[in-house]
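The structure appears below as structure tokens.
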2 protein chains.
Amino acid sequence: MTAIKNESTIQENKGFALEKCPVTYIMEKIGGHWKPIILYHLLSGTKRYNELRRAIPAITEKMLIQHLKQLESDKLVVRIAKPVVPPYVTYTLTPAGEKLRKVLIAMAEWAIEDSKDNSLTIYENINASLLQ
Amino acid sequence: MTAIKNESTIQENKGFALEKCPVTYIMEKIGGHWKPIILYHLLSGTKRYNELRRAIPAITEKMLIQHLKQLESDKLVVRIAKPVVPPYVTYTLTPAGEKLRKVLIAMAEWAIEDSKDNSLTIYENINASLLQ
DNA sequence: ATCGATACATACTTTAGGGTAAGTACTTGT
DNA sequence: ACAAGTACTTACCCTAAAGTATGTATCGAT
């Protein structure tokens, strides 16, 4: 109707959000489905490319390498390639990446607790449906 | 939980990942661009729908309501609607949602530190009330 | 009588993320 | 001779997520 959606430039708003909201900031760095998983596996130390692949069987090679490159350009991991054949490439957390440990561990802890609580409520729901 | 048998290798792998990887689990709940931001704003207490809108100017109404509903069905927030006109609807963290405080604060703290190190933008310090 | 405020709903379109499948280069093992 | 292992790269496709733009219900206020 007469309502003119006045969301001026959404880019402007996004800029504003990025300036003021740290959660938005971290989402730009570790958002997406795979990045936290990759980082989580790197918490236990330097890993070769194929070690990561095997540790995360559901990821495709394209996704793995793509996100590794993004993490590298965001200075969260370091890529070290030894000039040998066959290739020997390792990925290691930078100090900034290491500092994500607190975040990732907090995530994992929450997940473990929540999945416990949730399986309880699932059982409750099953019981409830059986009682109807 | 027993994995659902599936012909697809990918689905099987995803099931495996979900079973074994808590980080994957939490990504299913708070993954995506907007959810952590919404949850972060709810840390400071119950908010009306429009309060959230104004707090997150970059989000569209569709995204906001969509994610609020998902968060509700994942038992992370509670929606309470007073039967009045004009509508009065509030969103509050559940106990499970409250437990995300550690995760979200860790995220925010990391973001502030990292952005300083990158000397991009100096953020204002987090609202102290969020840290209690 | 229309307006504005609230809290949504919904049809449509666009975009970005992710998946599939194939190829590359180089060398050791059989 | 050729397969196997390593660490990628690239072209193509498909879907799910996100954005755009509207509509809806109700009431008091102007």
Side-chain angles (χ1 to χ4, degrees), chain A residues 1-14 17 24 27-38 46-73 77-92, chain B residues 6-14 17 24 27-38 42 46-73 77-92:
Chain A
M1 305 284 291
T2 48
I4 298 160
K5 293 285 177 171
N6 57 338
E7 310 292 325
S8 40
T9 50
I10 198 127
Q11 284 305 329
E12 205 174 326
N13 284 335
K14 272 194 176 163
T24 301
M27 280 296 111
E28 302 283 322
K29 301 278 182 123
I30 67 163
H33 186 70
W34 296 113
K35 279 184 194 167
I37 298 169
I38 294 168
T46 296
K47 292 271 154 58
R48 290 185 66 176
Y49 173 78
N50 257 12
E51 288 184 280
L52 284 172
R53 275 209 66 192
R54 281 188 287 266
I56 315 170
I59 202 171
T60 63
E61 289 196 77
K62 185 195 161 199
M63 282 299 104
L64 180 54
I65 198 69
Q66 189 176 102
H67 287 118
L68 282 172
K69 294 214 173 301
Q70 284 175 28
L71 291 169
E72 198 194 351
S73 75
V77 307
V78 197
R79 177 184 180 275
I80 295 169
K82 298 196 176 171
V84 295
V85 158
Y88 192 95
V89 179
T90 60
Y91 292 90
T92 310
Chain B
N6 203 310
E7 298 288 327
S8 160
T9 326
I10 292 274
Q11 288 305 325
E12 209 173 322
N13 283 337
K14 270 194 177 163
T24 301
M27 280 296 110
E28 301 283 322
K29 301 278 182 122
I30 67 161
H33 186 69
W34 295 112
K35 279 184 194 168
I37 298 170
I38 295 169
L42 287 176
T46 296
K47 291 271 156 59
R48 290 185 68 174
Y49 174 79
N50 257 14
E51 288 185 280
L52 284 172
R53 273 209 67 191
R54 282 188 286 265
I56 315 170
I59 201 171
T60 62
E61 288 196 77
K62 186 196 162 198
M63 282 299 102
L64 179 54
I65 197 69
Q66 189 176 102
H67 288 117
L68 282 171
K69 294 214 173 303
Q70 284 176 27
L71 291 169
E72 198 193 350
S73 75
V77 307
V78 197
R79 175 184 181 276
I80 295 169
K82 299 197 173 169
V84 295
V85 157
Y88 193 96
V89 179
T90 60
Y91 292 90
T92 309

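Each chain gets a letter, A, B and so on, in the order the sequences are listed, and its residues count up from 1.
When each of C:dC8, C:dT6, D:dT6 is scored by its nearest atom to the side-chain atoms of A:N50, the top-ranked nucleotide is D:dT6.
Counting to the nearest Å, the P atom of D:dC14 and the NZ atom of A:K62 are 14 Å from each other. Rounded to whole Å, atom P of D:dC8 lies 9 Å from atom CG of A:L64. Regarding A:E72, its CD atom lies at a distance of 15 Å from the P atom of D:dA7, rounded to whole Å. Atom-to-atom, CD of A:Q66 to C1' of D:dT10 comes out at 12 Å; the value is rounded to the nearest Å. Rounded to a whole Å, the NZ atom of A:K82 is 19 Å from the C1' atom of D:dC8. We find that CZ of B:R54 is positioned 10 Å from C1' of C:dT6, with the value rounded to whole Å. A:Y88 has its OH atom 17 Å from the P atom of C:dT28, to the nearest Å. Regarding A:I80, its CD1 atom lies at a distance of 14 Å from the P atom of D:dA7, rounded to whole Å.
Between B:T46 and the choices B:T92, B:V77, B:V78, the side-chain contact (heavy atoms from CB on, under 4.5 Å) rule is met once, by B:T92.
The shortest distance between the side-chain N/O atoms of B:R48 and the OP1/OP2 oxygens of C:dA7 is below 4.0 Å. Phosphate contact (OP1/OP2 of C:dG19, side-chain N/O of A:T60, threshold under 4.0 Å): present. When the side-chain nitrogen and oxygen atoms of A:R53 are compared with OP1 and OP2 of D:dC8, none of them lie within a distance under 4.0 Å. For C:dC8, one of the phosphate oxygens OP1 or OP2 lies less than 4.0 angstrom from a side-chain nitrogen or oxygen of B:Y91.
Nearest heavy atom pair, residue A:V89 against residue A:A81, reads CG2-CB, 3.9 Å. Between A:G32 and B:M27, the shortest heavy-atom contact is O-SD, 3.8 Å.
Annotation: the span from A:L71 atom CG to A:R79 atom CZ amounts to 13.5 Å, rounded to 0.5 Å.
Nearest-nucleotide positions on DNA chain D place A:E61 closer to the 5' end than the other of A:E61 and B:P86. Residue B:P87 is the one, among B:P87 and A:H67, whose nearest nucleotide of DNA chain C lies closer to the 5' end (criterion: closest heavy atom).
Residues B:L52 and B:L68 have side chains in contact (heavy-atom distance under 4.5 Å, counting atoms from C-beta outward).
Residue contacts shown for B:K69 are limited to sugar-phosphate atoms, with no base heavy atom under 4.0 Å away.
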